[in-house]
Amino acid sequence: MSGGRFGADFLSTYEEGIKKEWVIGNGLGGYASSTIIGAGTRTYHGLLVATPENSPGRLLLLSSLDEEISVNEEVYKLAVHKYPDTISPTGFQHLSEFIRYPFPLWVYRPGDFIIKKKVFMIHNSNTTCVLYDITSRREGAVLKIFPLISSRDFNLTARAGYLSFFQRAGPSGVKLASSTGFTFSISSNLQYHPEPVWYFNLEYDTEMQRGLNFQEDNFNPGCFEGELKEGTSRFFVAASTEDVSSFTLEQVDKLYLREANRQNLLALDSKLIEPFALKLLKATDPFVVKNRSSGENTVIAGYHWYSDWGRDTMISLPGLLLIPYRFEEARSVLNNFSKYCRRGLVPNTFPAFGGDPVYNTVDASLWFIHALNRYFAYTQDFLFLTDVWDTVDEIINFYCDGTDFGIEMDSDYLIRQGPQLTWMDAKVGEWAVTPREGKACEVNALWYSSLKTASYLGILLGEDVSSYETLAAGVASNFEDAFWNPEADCLFDLIYEDETGNLIKDPAIRPNQIFAVSLPYTMLSPEKEKAIVDRVEKDLLTPFGLRSLSTDHFLYKGQYLGDALTRDTAYHNGTVWPWLLGAFVKAYLKTHGYEDSNVEYMKSILEGFDGHLESAGIGGISEVFDGDYPHAPGGTIAQAWSVAEILRAYVEDVLGIKP
């Protein structure tokens with residue numbers, strides 16, 4: 001196993017094969033995804049999850065393609081499905097190899113046949129293409145391909161009683177209309193035969209483990225059929241929200257080559273040559289998408305279930321778009337969120353991927369200023385800086401005077417906010433799992449850095465920045481007294497008032513304090529900054545990121561698993577977050593020095609993800625890991641800021657490639 005290639009050892013059993021997943025994107029927020037043996041284990045798994053223009057979210061349209069080859073009395077079925085108490089068919093028994101790059105490729109060897117199956121998506125189109133190269137040493141064999149379809153929100157499951165389909169069949173394919181109001185088509189160079197049938201009670205193991213709905217029904221409208229000649233035969237199946245009835249094999253081959261070349265150009269444009277950096281670079285592409293309603297670029301926070309989140313987008317932007325030299329898209333992302341800024345607040349999320357924005361975050365606006373600064377450092381784009389300067393000024397003015405959700409500057413120049421507005425925002429109903437109402441250490445570190453950043457950028461534009469400097473001086477004069485914890489030699493995580501009005505300082509050792517060292521502008525002495533880094537290293541550092549809480553705290557949860565309540569309880573109370581390593585690496589090298597030994601230490605930590613790139617979501621980095629050894633991955637299989645911050649830290653801080 002190497003470079004996304006897996007042999008029979010990982011494919012010969014259902015239990016082993018479902019541990020590894022893949023996902024590819026289409027540049028619109030749609031995707032194709034499954035396990036490496038082709039078994040769907042999530043409601044999110046499917047060969048075409050689309051973002052139609054008339055839909056506010058993502059729809060699962062094509063669940064799978066079930067292939068079988070028959071010759072005389074022999075039938076070889078390549079599909080894999082889980083039903084109550086049984087797995088049928090068991091196509092993984094014929095699977096000899098899975099290769100992830102440049103696109104998912106399966107090699108099956110049933111009997112006298114070799115089947116190579118490739119899946120790719122057309123960029124900026126809700127279209128998935130599947131290419132088959134089949135070598136036969138026998139005459140008279142027949143290939144049948146059965147599409148299993150749905151038409152549902154990708155978060156949900158659907159039953160036959162809820163869904164119905166109308167189909168208009170032609171010799172090369174079928175156009176389908178669902179009772180939910182969506183249409184799509186499936187075409188092939190095989191002959192199509194309408195033979196409608198329902199598949200009942202398909203089960204999704206991962207959803208069962210997560211305590212969610214895990215059974216549903218799929219509709220099979222018919223089958224594509226053709227004879228296999230002795231030697232090699234080539235076929236395709238294309239599924240799309242557009243009309244693909246005129247597709248030919250030659251066209252699909254050209255589309256495959258075009259998408260492969262597009263991905264190769266991303267690597268060339270980045271000018272990166274180091275192998276680990278190039279692996280991470282490949283992982284960045286699915287997150288960069290175009291918002292169909294605005295026409296601007298945005299960032300998918302994670303696959304499978306997240307949409308575009310303001311905080312995640314701004315933190316991810318340097319790694320996803322600046323390191324790869326995707327400056328035009330970076331500008332578009334910043335412009336998109338700038339346009340939606342309201343009362344100094346950048347949207348926290350567009351919950352339905354293009355729906356009305358939600359603004360309940362205290363730090364997304366401050367991360368916006370940080371991302372803008374990094375964009376300018378890479379591009380020197382004065383014109384764009386001028387275009388969005390009013391947004392920077394609006395953010396600072398509203399944070400000073402007060403805006404929604406209790407966000408405002410106090411008399412000590414520090415920012416306070418209402419409940420569940422920081423990145424540690426998990427809630428179960430109305431219960432705040434990690435309550436952080438008050439003054440959070442990282443928010444005020446960001447506040448200071450944003451003021452100094454605005455001052456720097458404003459000077460370049462010829463603006464009067466004296467008010468920013470006055471505010472920054474006020475923050476600096478109070479931050480240390482407010483947040484320094486001399487007993488633990490680090491920062492208090494939160495300052496708040498209890499029900500009786502007493503001032504409480506939370507001594508929990510959390511990773512939020514690392515930003516008081518890693519941001520471009522900081523306030524503490526070198527000695528105190530080093531003490532923070534040493535404390536974080538001692539209590540929170542793991543091979544896959546920083547724990548969200550030290551292991552000696554009474555709220556610490558070492559495993560992120562189980563139902564939603566159990567997972568949410570652990571989410572920010574011990575669970576490891578890879579994205580925090582970006583700040584840790586920068587802070588460590590800043591305080592310990594860039595000597596070769598320190599750089600090698602940080603390099604070894606980051607390169608520890610090399611193995612993980614082939615262990616969960618193939619080619620991606622998971623959202624979270626368990627706090628306890630062996631730090632099993634969890635959450636999404638590919639998270640934008642996980643990939644982005646590991647790549648950014650590796651390129652900028654370890655390799656030293658930065659503006």
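Note that this is a predicted model, so its numbers are computed, not measured. Every heavy atom of this structure was used, including side-chain atoms; hydrogens, water molecules and symmetry mates were not.
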> Can you check side-chain contact (heavy atoms from CB on, under 4.5 Å) on Phe154 and Leu59, steps first, answer last?
Replying inline: CA-CA 5 Å; Phe154 74 151; Leu59 293 177; over 6 Å; no
> Passes side-chain contact (heavy atoms from CB on, under 4.5 Å), Phe405 versus Arg343? Steps please.
Replying inline: CA-CA 11 Å; Phe405 308 106; Arg343 291 177 50 79; over 6 Å; no
> Under the side-chain contact (heavy atoms from CB on, under 4.5 Å) criterion, do Thr43 and Arg152 qualify, and how do the steps go?
Replying inline: CA-CA 10 Å; Thr43 63; Arg152 60 163 172 84; 4.1 Å; yes
>> Pair Phe276, Tyr650 - check ring pair (Phe, Tyr, Trp, His ring centres under 6.0 Å), show working.
In response: CA-CA 9 Å; Phe276 181 60; Tyr650 192 75; 4.9 Å; yes
> When you look at Thr361 and Leu345, which way does the side-chain contact (heavy atoms from CB on, under 4.5 Å) test go after all the steps?
Replying inline: CA-CA 8 Å; Thr361 171; Leu345 298 179; over 6 Å; no
>> Go through it in stages, so that I can follow the logic: the residues are Tyr560 and Trp577, the test is ring pair (Phe, Tyr, Trp, His ring centres under 6.0 Å), and I'd like the CA-CA distance, side-chain angles, deciding distance and then a yes or no.
In response: CA-CA 11 Å; Tyr560 180 76; Trp577 293 77; 8.0 Å; no
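The minimum heavy-atom distance between Phe609 and Pro543, with the atom names listed, is CE1-O, 4.1 Å. Between Asn213 and Glu207, the shortest heavy-atom distance links the atoms O-CB, 3.6 Å. Scanning both residues, Ile122 and Cys129, for their nearest heavy atoms gives CD1-SG, 4.2 Å. Residues Met314 and Ala364 share a closest heavy-atom pair of CG-O, 4.1 Å. When all heavy atoms are compared, the tightest approach of Pro578 to Val624 is CD-CA, 4.2 Å. Taking every heavy atom of both residues into account, Pro147 and Leu62 meet most closely at CB-CD1, 4.0 Å.
The closest donor-acceptor contact from the side chain of Asp563 to the backbone of Thr566 lies under 3.5 Å. A donor-acceptor distance shorter than 3.5 angstrom exists from the side chain of Ser615 to the backbone of His612, with no hydrogens or angles considered. No donor-acceptor distance shorter than 3.5 angstrom exists from the side chain of Arg5 to the backbone of Ile99, with no hydrogens or angles considered. Remark: the backbone N or O of Gly619 is not paired with any side-chain donor or acceptor of Arg100 at under 3.5 angstrom. Although no hydrogens or angles enter the test, the distance criterion places a donor-acceptor pair under 3.5 Å between the side chain of Ser316 and the main chain of Trp641. Proximity of a side-chain donor or acceptor of Ser151 to a complementary backbone N or O of Thr180 within less than 3.5 Å is not detected. Checking side-chain atoms of Arg58 against main-chain N and O of Val49 turns up no donor-acceptor pair under 3.5 Å. No donor-acceptor pair under 3.5 Å is formed between the side chain of Gln417 and the backbone N or O of Ile407. Formation of a donor-acceptor pair under 3.5 Å by the Ser642 side chain with backbone atoms of Ser622 is found in this model. No side-chain donor-acceptor contact under 3.5 Å links Thr298 to the backbone of Asn291.
No side-chain heavy atom of Leu561 sits less than 4.5 Å from a side-chain heavy atom of Gln209. Under the 4.5 Å side-chain criterion, counting only non-hydrogen atoms from C-beta, Leu421 is in contact with Asn360. Residues Asp66 and Leu148 meet the side-chain proximity criterion, which asks for heavy atoms closer than 4.5 Å. A heavy-atom distance below 4.5 Å is not found between the side chains of Trp579 and Gln639. A 4.5 Å side-chain heavy-atom check between His81 and Ser64 finds at least one atom pair inside the cut-off. Contact of the Lys282 side chain with the Tyr101 side chain is registered, since non-hydrogen atoms from C-beta on lie closer than 4.5 Å. The side-chain heavy atoms of Thr575 and Lys557, taken from C-beta on, include no pair separated by under 4.5 Å. In this structure, Val299 and Asp312 have side chains that are not in contact, with every pair of non-hydrogen atoms separated by 4.5 Å or more.
Side-chain atoms of Asp425 and Tyr571 include no donor-acceptor pair closer than 3.5 Å. Defined by atom type and a distance below 3.5 Å, a donor-acceptor pair is missing between the side-chain atoms of Tyr162 and Glu216. Using modelled atom types, one finds no donor on one side chain facing an acceptor on the other under 3.5 Å when comparing Arg331 with Asn336.
With rounding to the nearest 0.5 Å, the separation of CG in Leu540 from CZ in Arg510 is 9.5 Å. With rounding to the nearest 0.5 Å, the separation of CG in Asn201 from NZ in Lys82 is 12.5 Å. Taking OG1 of Thr434 as the start and CG of Leu555 as the end, the distance is 8.0 Å to the nearest 0.5 Å. Ile149 CD1 to Asn220 CG: the interatomic distance, rounded to the nearest 0.5 Å, is 8.0 Å. Atom-to-atom distance recorded for Glu442:CD and Asn512:CG is 4.0 Å, nearest 0.5 angstrom. Here the CG-CG distance, from Leu647 to Leu606, works out to 10.0 Å after rounding to the nearest 0.5 Å.
The aromatic rings of Phe103 and Phe120 are tilted relative to each other, their planes meeting at an angle between 30° and 60°. Between Phe287 and Tyr303, the two ring planes are tilted [angle within 30° to 60°]. Trp198 and Phe165 have tilted rings, their planes meeting at an angle from 30° to 60° on a 0 to 90° scale. Between Phe544 and His631, the two ring planes are perpendicular [angle over 60°; tilted spans 30° to 60°].
At a threshold of 4.0 Å, the pair Arg436-Asp493 counts as salt-bridged, since one of the basic side-chain nitrogens sits closer than that to a carboxylate oxygen.
When each of Val576, Leu541, Leu581, Leu580 is paired with Pro511, the side-chain contact (heavy atoms from CB on, under 4.5 Å) condition holds for Leu580 and for no other. For the ring pair (Phe, Tyr, Trp, His ring centres under 6.0 Å) with Phe350, the qualifying choice from Tyr359, Tyr306, Tyr340, Trp309 is Tyr340, the only one to do so.
Counted within 6.0 Å of CD on Glu328, heavy atoms from surrounding residues, nucleotides or ligands total 12 or fewer; the atom is thus considered open. For Lys117, the NZ atom is densely surrounded, since the number of other residues' heavy atoms within 6.0 Å is greater than 12.
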In residues 22-40, what donor-acceptor pairs under 3.5 Å come from side-chain atoms, sequence neighbours left out?
| unit_1 | atom_1 | unit_2 | atom_2 | d |
| --- | --- | --- | --- | --- |
| Trp22 | NE1 | Thr35 | O | 3.2 |
| Asn26 | OD1 | Leu28 | N | 2.9 |
| Asn26 | OD1 | Gly29 | N | 3.4 |
| Asn26 | OD1 | Gly30 | N | 2.9 |
| Asn26 | ND2 | Ser125 | O | 3.1 |
| Asn26 | ND2 | Asn126 | OD1 | 3.1 |
| Tyr31 | OH | Tyr44 | O | 2.7 |
| Ser33 | OG | Trp22 | O | 2.5 |
| Ser33 | OG | His304 | NE2 | 2.7 |
| Ser34 | OG | Ala39 | O | 3.4 |
| Thr35 | OG1 | Gly38 | N | 3.4 |
| Thr35 | OG1 | Ala39 | N | 3.0 |
| Thr35 | OG1 | Ala39 | O | 2.7 |

